[in-house]
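The structure displayed is predicted, hence computed values, not measured ones. So that the names make sense, note that chain A is the first sequence line, chain B the second, and so on, each numbered from 1.
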Amino acid sequence: MCADISKKIIEKWRDEQIRLSLKIRHLPLKIKSGLIAGIDVSYKDTYIYCSIVVLSFPKLEVVNIYNKKGEVEYPYIPGFLSFREMPVVLRTFNRVKEDIFLIFCDGQGIAHPRGFGLASHIGTVLRIPSIGCAKSRLVGEYRPVAKKKGNFSELIYKNKVVGAVLITKDNTNPVFVSAGNYIDLESAIRYTLDCSVYRIPEPTRLAHKYVTSFRESR
DNA sequence: GCGACAG
DNA sequence: ATCTTGTCGC
C-alpha cells in the first residue's frame with residue numbers, strides 16, 4: 001500500500017509546507033450569512049472516504065452532502081496529515097457546486113510544526129477561508145480552561161499565539177482551534193462558537209457522521 | 001537517547 | 001483513524 005515513504009518525499013513535503021505557509025493571510029471574516037462546509041475523512045482497509053457537508057449559516061441546516069471514495073496513498077505521519085487526506089478531499093470538493101465562504105476541517109490550521117496543517121492546506125489550495133478544529137493537540141502549550149462555553153486559553157508555540165483551546169459546550173473538553181487561511185484567530189473562534197451545539201462544531205460533526213455511514217455502506 | 005505526535 | 005460494553009454524570 002504505502003510502506004516506507006522515502007525521506008526524499010518527506011523533504012519535498014516539508015519544503016512545500018514552508019513555501020505555502022508564506023501565502024497564509026490572517027484577515028477578519030465578517031460574513032453574516034451564506035453557506036459553509038464541513039469536511040471529514042474516514043478509513044477502512046486500503047480505502048479512504050471523504051464527506052463534505054454544506055450548511056446554511058447561521059441556521060446550520062444541511063443544504064447538501066458530497067461523498068467520495070478513494071485509495072489510501074500514504075501512511076499517517078504526524079505533521080504531514082494533509083498529504084494523506086488532500087487527494088480525496090480535493091476530488092470530493094470538485095463536485096461541490098455551491099459557493100462556500102468558510103470551511104471547517106478536522107485537524108490543525110497553523111497550529112502546526114511549520115504553520116501549515118490540514119486546514120491551512122485546504123484553505124490555501126481552494127482559496128477559501130478555513131478553520132482547523134482538532135480534538136487534540138499537535139503542538140503548543142496552554143493553560144487549563146474552565147469548562148464553560150466560550151472560555152478559551154491561548155495555544156502558544158515558539159512564543160507565538162497559534163490557536164485557542166476553546167470550550168464549545170459546558171462541561172466538555174476543549175477543542176483546538178486555529179486559523180487555516182484567509183481568516184484570523186478571533187474570527188475563527190467566533191464562527192466556531194456560532195456553529196457549536198455539541199462539543200464538535202456542526203459542520204465537522206455532521207461530516208463525521210455522514211462519512212462514517214458512507215464508509216459502512218460501501 | 002527519550003518522549004511527543006492532528007487523523 | 002479503527003476495534004469495542006458498560007458506565008458515570010449532566
- Query: For A/Leu27, which fellow cluster members are found when Ile, Leu, Val, Met, Phe, Trp and Tyr are connected by side-chain heavy-atom distances below 4.5 angstrom, either directly or through intermediates?
  - Reply: none

- Message: Quick check: closest heavy atoms across A/Phe104 and A/Ile36, and the distance to 0.1 Å?
- Response: CE1-CD1, 4.3 Å

- Sugar-phosphate only, base, or nothing, as touched by A/Phe80 at under 4.0 Å among non-hydrogen atoms: base

- Note on the structure: Within residues 198-218 of chain A, those residues having any heavy atom closer than 4.0 Å to DNA chain B are none

- Task: Report which part of the nucleic acid A/Tyr76 touches: base, sugar-phosphate, or nothing (heavy-atom distance under 4.0 Å, all strands).
- Result: base

- Check every strand shown and say whether A/Asn171 touches a base, only sugar-phosphate, or nothing at a heavy-atom separation below 4.0 Å. nothing

- Message: Under the rule for side chain to side chain contact (heavy atoms under 4.5 Å, CB included), what residues qualify as partners of A/Tyr142, not counting sequence neighbours?
- Response: A/Arg137, A/Ser153, A/Leu155, A/Val165, A/Phe176

- Check every nucleotide of DNA chain B for an atom under 4.0 Å from a heavy-atom of chain A, then give the first and the last such nucleotide from 5' to 3'. B/dA4 to B/dG7

- Message: Stem list for DNA chain B, please, built from Watson-Crick and G-U wobble pairs under 3.5 Å and keeping only runs of at least 3.
- Response: none

- Task: Answer with base, sugar-phosphate or nothing: what part of the nucleic acid does A/Gly79 contact at a heavy-atom distance below 4.0 Å?
- Result: base

- Task: Could you list who else is in A/Val197's hydrophobic cluster, with ILVMFWY side chains joined at under 4.5 Å, directly or through other members?
- Result: A/Tyr198

- Query: Would one find more than 12 heavy atoms of other residues, nucleotides or ligands at under 6.0 Å from atom CZ of A/Phe80?
  - Reply: yes

- Item | side chain to side chain contact (heavy atoms under 4.5 Å, CB included) partner of A/Asn67, the single match among A/Ser213, A/Ser51, A/Cys50 | A/Ser51

- Hydrophobic cluster (4.5 angstrom, side-chain heavy atoms) - remaining members for A/Phe214: A/Tyr47, A/Tyr49, A/Val211

- Item | Heavy-atom neighbours of A/Lys160 NZ exceed 12 at 6.0 Å | no

- Message: With side chain to side chain contact (heavy atoms under 4.5 Å, CB included) as the criterion, how do A/Phe93 and A/Ile128 come out once you've worked through the C-alpha distance, each side chain's angles and the decisive distance to 0.1 Å?
- Response: CA-CA 12 Å; A/Phe93 201 88; A/Ile128 295 175; 3.7 Å; yes

- Please report the shortest heavy-atom distance between A/Ile110 and A/Ser120, naming the atom on each side. N-OG, 3.4 Å

Please tabulate, for side-chain N and O atoms in residues 11-20 of chain A, each donor-acceptor pair with protein atoms closer than 3.5 Å (sequence neighbours left out).
{"residue": "A/Gln17", "atom": "OE1", "partner": "A/Arg114", "partner atom": "NE", "Å": "2.5"}
{"residue": "A/Gln17", "atom": "OE1", "partner": "A/Arg114", "partner atom": "NH2", "Å": "3.0"}
{"residue": "A/Gln17", "atom": "NE2", "partner": "A/Gly79", "partner atom": "O", "Å": "2.9"}

- Going 5' to 3' on DNA chain C, which nucleotide is the first and which the last to come under 4.0 Å of a heavy atom in chain A? C/dA1 to C/dT2

- Any stems for DNA chain C, made of 3 or more Watson-Crick or G-U pairs in a row, each with both distances under 3.5 Å? none

- Item | Selection: residues 133-151 of chain A, any non-hydrogen atom under 4.0 Å of DNA chain B | A/Ala134, A/Lys135, A/Ser136, A/Arg137, A/Leu138

- Query: So which residues get pulled into A/Leu22's cluster when ILVMFWY side chains under 4.5 Å apart are joined, directly or through others?
  - Reply: none

- Start with the C-alpha distance between A/Ile48 and A/Glu73, add both sets of side-chain angles, then the distance that settles side chain to side chain contact (heavy atoms under 4.5 Å, CB included), and finish with yes or no. CA-CA 9 Å; A/Ile48 180 170; A/Glu73 297 180 56; over 6 Å; no

- Side-chain heavy-atom pair A/Val162, A/Ser178 within 4.5 angstrom cut-off: no

